[in-house]
Amino acid sequence: MPELPEVETTRRGIAPAVRGRRIAGLDLHEARLRWPVDPSLPRRLAGQRIRAVERRAKYLLLRLDRGTLIIHFGMSGSLRVLPAGTPRRPHDHIDLRLDNGRVLRFNDPRRFGSWHYTTAPPEQHPLLRALAPEPFAPEFDGAYLYRISRRRRVAVKQLLMNSRLVTGIGNIYANEALFRARVLPWRPAQRLKLAECARLVRGIRAVLNLAIRSGGTTLRDYVGADGRPGYFRQKLYVYERDGRPCRVCGTPIRKRSQGQRSSYYCPTCQH
DNA sequence: ACTGGCTCCTGAGGGC
DNA sequence: TGCCCTCAGGAGCCAG
């Protein structure tokens with residue numbers, strides 16, 4: 001799923017229902033996620049209050065009294081707020097029961113998601129330690145992108161999807177940001193001009209902002225905290241639009257395989 | 001130090 | 001209808 005806009009939409013959706021609540025219990029129905037979920041989680045979390053709901057890159061962070069829950073949605077994960085006692089559906093793996101009669105329920109058909117708990121500062125956790133700056137942080141600018149792309153031969157699209165270099169971007173938003181910056185996805189990173197890097201930063205921020213405002217992009221599994229899909233899909237310029245006319249110039253959008261993933265581009269607008 | 005390929009898993013959709 | 005193949009919002013890990 002879940003690139004930055006979907007995680008952020010979930011964060012905003014669940015925050016009002018969970019912030020300040022006490023954890024009544026955790027039901028672990030399926031621990032075989034990307035990494036096995038710690039079976040002592042129920043004991044360790046019970047009774048703690050949820051102090052804040054934050055996001056780092058594509059990770060959702062629940063700040064508790066004595067530690068932090070670090071949740072990742074993988075390719076197909078989602079988190080919903082439901083009334084206690086709502087019958088479980090297929091792939092509902094974890095329930096975080098709250099003291100207000102609600103349950104925070106994690107569903108993930110492909111089980112690429114993860115749940116970790118740490119009592120150390122979360123930024124020191126191995127999964128978060130090496131992450132690049134947030135796309136909206138001041139230090140993430142054209143000069144930054146230009147600097148990290150020197151000497152790298154990888155295609156610019158791969159660079160955008162490398163979380164040690166750029167965070168929050170997956171296949172959908174990489175394609176969309178490249179279209180907005182008018183840069184072809186397979187351009188070697190080291191050949192980018194400073195002006196193109198600046199356009200990419202603007203394109204990344206614009207597409208992420210708009211997607212957040214639309215509640216994210218739903219292709220298959222993703223739903224927000226209220227169970228409703230995101231509707232940014234209708235505003236996509238290139239992703240899964242091959243054969244259809246470019247919204248800017250009318251040229252048919254093309255699709256090409258790049259590193260085990262699909263790239264979509266306008267052969268006229270992008271160079 | 002980079003880079004590309006493989007891997008985990010389930011489900012949907014297309015071709016025959 | 002059913003079977004087989006390909007592909008899908010991620011990203012850690014490994015060999016070269």
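Residue numbers begin at 1 in each chain, while the letters A, B, ... track the order of the sequences. Note: hydrogens, waters and symmetry copies are ignored here, and every other heavy atom, side chains too, is used.
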Inset, instruction - Look at the side chain of A:Arg110 against the base of C:dA8 and say whether a donor-acceptor pair falls under 3.5 Å; ignore hydrogens and angles. - result: yes
Legend entry - Heavy-atom donor-acceptor pair, A:Arg111 side-chain to B:dC9 base, under 3.5 Å: no
Legend entry - Side chain to side chain, A:Tyr117 and A:Leu45, heavy atoms closer than 4.5 Å: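 A:Tyr117 reaches A:Leu45 side chain to side chain.
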Legend entry - Gap in Å between the two P atoms, one belonging to C:dC7 and one to B:dG5, rounded: 15 Å
Inset, instruction - For B:dC6 versus C:dT6, give the span between their P atoms, rounded off to a whole number of Å. - result: 14 Å
Inset, instruction - Evaluate the side chain to side chain contact (heavy atoms under 4.5 Å, CB included) criterion for residues A:Lys157 and A:Gln258: first the C-alpha distance (whole Å), next the side-chain angles of each, then the deciding distance (0.1 Å), finally the verdict. - result: CA-CA 9 Å; A:Lys157 181 160 168 259; A:Gln258 203 188 342; 3.9 Å; yes
Legend entry - Pairing annotation in dot-bracket form, given for DNA chain C with Watson-Crick or G-U pairs under 3.5 Å and | for cross-strand partners: .|||||||.|||||||
Quick test: give all pairs of protein nitrogen or oxygen and nucleotides 12-16 of chain C nitrogen or oxygen below 3.5 Å, distance rounded to 0.1 Å.
| unit_1 | atom_1 | unit_2 | atom_2 | d |
| --- | --- | --- | --- | --- |
| C:dG12 | O4' | A:Arg34 | NH2 | 2.9 |

Inset, instruction - Scan A:Leu208, A:Val201, A:Val207, A:Val166 and name whichever one has a side-chain contact (heavy atoms from CB on, under 4.5 Å) with A:Pro135. - result: A:Leu208
Legend entry - Proximity to DNA chain C (any heavy atom under 4.0 Å), residues of residues 173-185 of chain A only: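 Output list: empty, so none.
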Taking only the side-chain heavy atoms of [X] (C-beta and beyond), determine which of [options] contains the nearest atom.
X        : options               : value
A:Gln260 : C:dG9, B:dG11, B:dC6  : B:dC6
A:His72  : C:dG10, B:dG11, C:dA8 : C:dG10
A:Arg152 : C:dG10, B:dC2, C:dA8  : B:dC2

Legend entry - Residue whose closest nucleotide on DNA chain B lies nearer the 5' end, A:Pro109 versus A:Gln158: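 Checking each residue's closest nucleotide, the 5'-ward one belongs to A:Gln158.
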Inset, instruction - Starting at CG of A:Leu26, measure out to CG of A:Asp95 and round the result to the nearest 0.5 Å. - result: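 Reported to 0.5 Å precision, the distance equals 8.0 Å.
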Mind checking [X] for me? I need base, sugar-phosphate or nothing, with any heavy atom below 4.0 Å counting as a touch.
X        : answer
A:Arg153 : sugar-phosphate
A:Gly259 : nothing
A:Tyr239 : sugar-phosphate

Do any side-chain nitrogens or oxygens of [X] fall under 4.0 Å of OP1 or OP2 in [N]?
X        : N      : result
A:Ser262 : C:dA8  : yes
A:Arg261 : C:dG10 : yes
A:Lys58  : C:dA11 : yes

Inset, instruction - Ignoring hydrogens and angles, tell me if any N or O in the side chain of A:Glu54 forms a donor-acceptor pair with the backbone of A:Arg63 under 3.5 Å. - result: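 Looks like no, no N/O pair under 3.5 Å.
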Inset, instruction - With syn defined as a glycosidic angle within 90° of 0 and anti as everything else, classify C:dG9. - result: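 The base of C:dG9 is oriented syn (glycosidic angle within 90° of 0).
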